[in-house]
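To start, the structure itself, in structure tokens.
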Amino acid sequence: DQQRRAMPPSEGPCRRSKRRRLGEKKKKLRIGFICGKEDGDLVLAPSIPAKHWVSSAFLEEPPPHRPLKERVHTDVAIWWHVRQHYGSVVEADLISAPGEVTAERLARNDVNLLLGWDAVSAHLEEHWNSEFASGHAAAMRDLLRAPASRVWPPPDLQELCNNKGAYLSRAADRGVAVAPTEVYRAGDSSTSFADFALAVARRRGWAKFVAKPSPSSWSRGVEAFSLDDADLDSALAAYVDDAAGAAHIILQRHLSGLEDHPETRCFFFGHDFMYAVANSRHHPTTGALLDVTDHPESASTAADERRALPTAYWHPHKTFAEHALRAILPTLTAFDGTPLAGFPWLVRLDLGTHPAPDLLNAQPDDRLRADRDAALFLNEIEIVPTLYLDAKFDHDHDFIAEYAAKFVKSAALAAAFDCPELDAFEPLHPP
């Protein structure tokens, strides 16, 4: 203690914006981890108490269900890792959503991380689950954006990435390829959705098109339509009734590339590429595509060659995604108004592949038939994504530990909490 008190203030272990006074008790950074994943992406959390173990129902086992020893969703695993390894500098508060997400609980912490539940989750709870009352989604959305809640990432990023129409429009305006898209906003239009959809499809030559409510997740409410459908008018009218509560409806040209080619999902923390996964299986020796699957089955960091995602299916996507990140996403600002370099948050970009002319919405003609090269396009951006760290991917790296380190540092930046001790937890990222 005598030695620590003799340290210059610049060498003290932790301080919050201002330097810690000599002899002052070290303050820990109090981080709330807002958790609520139910995606079945399960990992081991050694020694975590049994009350956190998930049920075998997530493995789609028949009843009776049983607790899976030390198996938890990734958001809880990250919280547990921080609690176990960062106790000298961090107080880790597990906030189980939605019940524990209250103004009072959030106010206890220096920063609250949206790790496994957000405003999109609340929207789905209200509109897809009868247990939640009307107004639940709006109340939670406002709470998560309120300055007093100290939620990270900040409201401007939440608002942009929870609004698919907004970020696709920004992407297209800034030269990032996307599926041909138009957005129907019921509150701003005197035209019915059916009339809007028919007019768009006929004007732009979309023989087949897809409607998607926003916000949404896990393909809820995604439906394809064809101009040849005899009952198209009634089908579109019924769709609007089913999509009640959507802030807007995305209308896109149907792209068969999503059925013929894998969708590659690239993970970044800030501008650091972490890994990629794809809904595909490949030959373990040649890397040839064997199957396009319903869910991700391969990873760029898989140690098992049977799960390996060949470079051709992720490296060009990484390059595309890096450009998209810089073109679309805003500069993040700490709670004290300081702009932050490096975009300190987790982002997943989902990229599809399709013949380039269709992405430009060009009509087929002789000039284009000779050049149908496939091109990448941005399909989705998520800031509270499924991480795909389940054991089946056989990642060659401990990404729970790495995410824990990055989330703690992100929290410290958001709260202007200066703590050189955190440098000791810098993970070694795979090459």
Side-chain angles (χ1 to χ4, degrees), residues 37-45 58-60 71-78 81 115-116 217-219 257-322 324-325 345-353 376-407 427-431:
K37 286 188 182 296
E38 295 182 340
D39 53 20
D41 188 28
L42 306 181
V43 295
L44 281 174
F58 283 107
L59 301 182
E60 299 183 355
R71 298 278 295 278
V72 298
H73 281 98
T74 54
D75 52 354
V76 175
I78 291 169
H81 186 93
L115 217 60
S217 184
W218 293 102
S219 299
L258 289 174
E259 301 167 3
D260 301 332
H261 303 277
E263 181 182 59
T264 297
R265 306 174 189 195
C266 296
F267 290 81
F268 292 82
F269 207 109
H271 297 303
D272 294 337
F273 176 72
M274 304 290 284
Y275 55 92
V277 300
N279 57 320
S280 58
R281 293 188 181 93
H282 300 264
H283 191 281
T285 303
T286 67
L289 179 65
L290 298 178
D291 188 23
V292 176
T293 57
D294 291 335
H295 306 287
E297 297 289 349
S298 55
S300 62
T301 49
D304 185 343
E305 61 184 12
R306 294 171 297 178
R307 290 287 183 178
L309 181 63
T311 303
Y313 289 89
W314 68 264
H315 197 271
H317 306 71
K318 168 183 174 289
T319 301
F320 181 103
E322 288 171 337
L325 280 172
W345 190 250
L346 168 67
V347 184
R348 192 186 87 199
L349 291 89
D350 300 352
L351 308 179
T353 303
L376 298 176
F377 68 95
L378 175 67
N379 191 40
E380 203 92 43
I381 297 177
E382 294 198 20
I383 56 173
V384 187
T386 294
L387 299 181
Y388 298 108
L389 298 181
D390 187 275
K392 75 175 185 179
F393 292 103
D394 194 32
H395 290 287
D396 61 4
H397 184 69
D398 184 357
F399 282 111
I400 291 296
E402 180 152 359
Y403 278 129
K406 290 182 179 294
F407 278 120
L428 295 175
H429 188 69

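Note: hydrogens, waters and symmetry copies are ignored here, and every other heavy atom, side chains too, is used.
- Distance check, rounded to the nearest 0.5 Å: OH of Tyr403 to CE of Met274 gives 4.5 Å.
- Checking side-chain atoms of His395 against main-chain N and O of Tyr388 turns up a donor-acceptor pair under 3.5 Å.
- The structure places CD of Glu402 at 6.0 Å from CZ of Phe399, a figure rounded to the nearest 0.5 Å.
- Summarising the geometry, atom OG belonging to Ser280 is positioned 6.0 Å from atom CG belonging to Leu289; distances are rounded to the nearest 0.5 Å.
- By the salt bridge (charged side-chain N to carboxylate O under 4.0 Å, His left out) test, Asp291 pairs with Arg281, sequence neighbours left out.
- Asp304 places no side-chain N or O within donor-acceptor distance of the main-chain N or O of Asp394, the cut-off being under 3.5 Å.
- Evaluation of the side chain to side chain contact (heavy atoms under 4.5 Å, CB included) rule for Ala312 yields no partner, not counting sequence neighbours.
- Looking at residues two or more places apart in sequence or on another chain, you find no side chain to side chain donor-acceptor pair (under 3.5 Å) involving His73.
- Remark: Ala302 engages Ala299, Arg307 in a side chain to side chain contact (heavy atoms under 4.5 Å, CB included) (not counting sequence neighbours).
- Here Leu346 contributes atom CG and Ile78 contributes atom CD1; the two are 8.0 Å apart, rounded to the nearest 0.5 Å.
- Note: His261 NE2 to Leu351 CG = 14.0 Å, rounded to the nearest 0.5 Å.
- In this structure Ala288 satisfies the side chain to side chain contact (heavy atoms under 4.5 Å, CB included) test together with His283, Thr286, sequence neighbours excluded.
- Annotation: the span from Asp75 atom CG to Glu38 atom CD amounts to 10.0 Å, rounded to 0.5 Å.
- The two residues His295 and Thr293 make their nearest non-hydrogen contact at O-OG1, 2.7 Å.
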| message | As a quick check of understanding, evaluate side-chain contact (heavy atoms from CB on, under 4.5 Å) for Cys266 and Trp314, giving each step before the final call. | response | CA-CA 8 Å; Cys266 296; Trp314 68 264; 5.7 Å; no
| said: Checking Leu349 against Leu378 for the side-chain contact (heavy atoms from CB on, under 4.5 Å) test, could you report, in this order, the C-alpha distance in whole Å, the side-chain angles of both residues, the deciding distance, and whether it holds? | reply: CA-CA 7 Å; Leu349 291 89; Leu378 175 67; 4.0 Å; yes
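- Here Asn279 pairs with nothing under the side chain to side chain donor-acceptor pair (under 3.5 Å) rule; sequence neighbours left out.
- The nearest pair of heavy atoms linking Ser298 to Phe393 is N-CE2, 4.0 Å.
- Taking the salt bridge (charged side-chain N to carboxylate O under 4.0 Å, His left out) definition, one finds that Asp350 meets it with Arg348, sequence neighbours left out.
- Residues meeting the salt bridge (charged side-chain N to carboxylate O under 4.0 Å, His left out) test with Asp398, sequence neighbours left out: none.
- For the pair Arg71 and Leu44, the minimum side-chain heavy-atom distance is below 4.5 Å.
- Thr264 has its side chain out of reach of Leu376: every pair of non-hydrogen atoms, C-beta onward, lies at least 4.5 Å apart.
- For Phe269, the ring pair (Phe, Tyr, Trp, His ring centres under 6.0 Å) test picks out Phe407, with sequence neighbours left out.
- Salt bridge status for Lys392 with Asp390: absent, with no side-chain N to carboxylate O gap under 4.0 Å.
- Every side chain to side chain donor-acceptor pair (under 3.5 Å) that Glu322 has, sequence neighbours left out, goes to Lys318.
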| message | Between Asp39 and Thr386, does the side-chain hydrogen bond (donor to acceptor under 3.5 Å, both in side chains) criterion hold? Intermediate values first, please. | response | CA-CA 7 Å; Asp39 53 20; Thr386 294; 2.9 Å; yes
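- When the side chain to side chain donor-acceptor pair (under 3.5 Å) test is applied to Ser300, no partner is found at least two apart in sequence or on another chain.
- Listed here is the closest heavy atom pair of Thr353 and Pro262: OG1-O, 4.4 Å.
- The shortest side-chain heavy-atom distance between His81 and Ile400 falls under the 4.5 Å cut-off.
- The shortest distance between side-chain heavy atoms of Tyr275 and Asp396 does not fall below 4.5 Å.
- Closest approach of Val277 and Leu309 over heavy atoms only: C-CD2, 4.2 Å.
- With a 4.5 Å cut-off on side-chain heavy atoms, Val292 and Asp260 do not count as touching.
- Partners of His282 under the ring pair (Phe, Tyr, Trp, His ring centres under 6.0 Å) rule, at least two apart in sequence or in another chain, are Tyr313.
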